[in-house]
Protein chains: 2
Amino acid sequence: MQKETLCLGLLSLGPRSGYEIKQMFEGPLSDFYSLSFGTIYPTLNSLQADKYVSCKQHSQSKKPDKKVYTITKKGMELMKDNLLGDASSYIRSGNFGDQIKSEFFLLLLFSKYLPKETMNTVLNERVLYLRQKLEQFNYDGPVPGNLDAIRNEKSVSFIRGLASALIETGLSYMEKNRGKLS
Amino acid sequence: MQKETLCLGLLSLGPRSGYEIKQMFEGPLSDFYSLSFGTIYPTLNSLQADKYVSCKQHSQSKKPDKKVYTITKKGMELMKDNLLGDASSYIRSGNFGDQIKSEFFLLLLFSKYLPKETMNTVLNERVLYLRQKLEQFNYDGPVPGNLDAIRNEKSVSFIRGLASALIETGLSYMEKNRGKLS
DNA sequence: GATTATATATATCATTCTGATATACATACG
DNA sequence: CGTATGTATATCAGAATGATATATATAATC
């Protein structure tokens, strides 16, 4: 997905600064996508230059000005057009589609070159990690800051439910079949 | 995972050319990782310069020479050292770890901006795509070329079983809950 | 039998993106 | 009172991709 479409989409959920967009990628979106500051800031600047977003500078005494971007009508149109135009190309993406780079699977692939105790520890920690992820996806309490907008989306509930189901499957598979690795 | 470690790991399964390594990424590894020619060829050259692999040139009349690389003892050691040193950092990767970029999830996130019929078609095609993937992972017949080495790995059976279980979960979740999206 | 598409095989490179770093002040903690 | 962490924007070297170039063989289509 083009970085422009993605930034516009996130801004459609409410006005935000570049820093806050980054927080979304490190918070609720961290398991699905990410963009770096080096991409976010230039993208916002170019979107602003082309009037797809407007910017209000909130001067805060001694911190750098907080630049809060708001999507414009023109921006909404561009976002919708791009989504519609590219929708079909995203069908074969995601879990078991393109762009996945799973270092954990690579580690499993080469596990025979690692000492058994090491692999045992790794698998134990992986299980702990997945349990933690599961809790995270099942947690329904309040989230800090302005990250509520994204949590309250209907689609986000759907995605979290899916993620939760997938992790549970992965966990029980790992627990039942880890013996087959060595 | 460093590209060097990865290429060495793949060469540990048997001697191969750069083109054949790429075939592994486009075949059995396509759902887990990928490297481009622009990375593979320079990596092999530098591995050869440092004696981690040896190279035998098979001249084939009028095609460009096929350069078949074989991992050396020094290369095996480097690979094992790297795997051991970095193993713990791969625990939090993979499905629901870092480096995932799922455009399909992004599309779901912004699905409210798409016409209902479009989303309906997209979800139908996604289901078809996942069914196809499932078949692919469950297929146990022969594979063409030299891609058998990787299929016969114990770890690959484990991974394929996991992938298969995950896709099944994803499929039934989608079928049961797709109504919640609109 | 001619044409077109696909596969084999290596290599390069502009463009893109990341990850690190710079800058600067605020706040919390022991 | 120093140290670590958080807010906030910005830039840039280095890495990786995706496209393209080159050259030939083979299979499919017409």
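Salt bridge annotation for A/R131-A/E125: absent, with no cationic side-chain nitrogen under 4.0 angstrom from a carboxylate oxygen. Using a cutoff of 4.0 Å between basic side-chain nitrogens and carboxylate oxygens, B/R160 and B/D140 are scored as salt-bridged. Under a 4.0 Å N-O distance rule, the pair B/K112/A/E153 qualifies as a salt bridge.
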Query raised in the report: Can you give one letter per nucleotide of nucleotides 11-16 of chain D, 5' to 3': B if a protein heavy atom sits under 4.0 Å from the base, S if only from the sugar-phosphate, - if neither?
Result: BB---S

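Atoms CD1 (A/I40) and P (C/dT16) sit 17 Å apart, rounded to a whole Å. Rounded to whole angstrom, the span from the NZ atom of B/K66 across to the C1' atom of C/dA7 amounts to 12 Å.
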What side-chain donor-acceptor pairs closer than 3.5 Å can you find for residues 73-84 of chain B, not counting sequence neighbours?
residue: B/K74; atom: NZ; partner: B/D50; partner atom: O; Å: 2.8
residue: B/N82; atom: ND2; partner: B/T5; partner atom: OG1; Å: 3.0

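Residues B/Y33 and A/S102 bring no donor and acceptor atom of their side chains to less than 3.5 Å of each other.
Among the heavy atoms of the strands, none lies under 4.0 Å from B/Q57.
The side chain of A/Q23 places no N or O atom within less than 4.0 Å of a non-bridging phosphate oxygen (OP1 or OP2) of D/dA8. Contact annotation: A/K67 side-chain N/O to D/dA10 OP1/OP2 distance is under 4.0 Å.
Between C/dT10, D/dT7, D/dT9, one nucleotide has an atom nearer to the side chain of B/Y19 than all others, and that is C/dT10.
Rounded to 10°, the helix from C/dG1-D/dC30 to C/dG30-D/dC1 has 40° between the axis fitted to its first five pairs and the one fitted to its last five.
Aromatic ring orientation, B/F37 versus B/Y19: parallel (interplanar angle below 30°, classes split at 30° and 60°).
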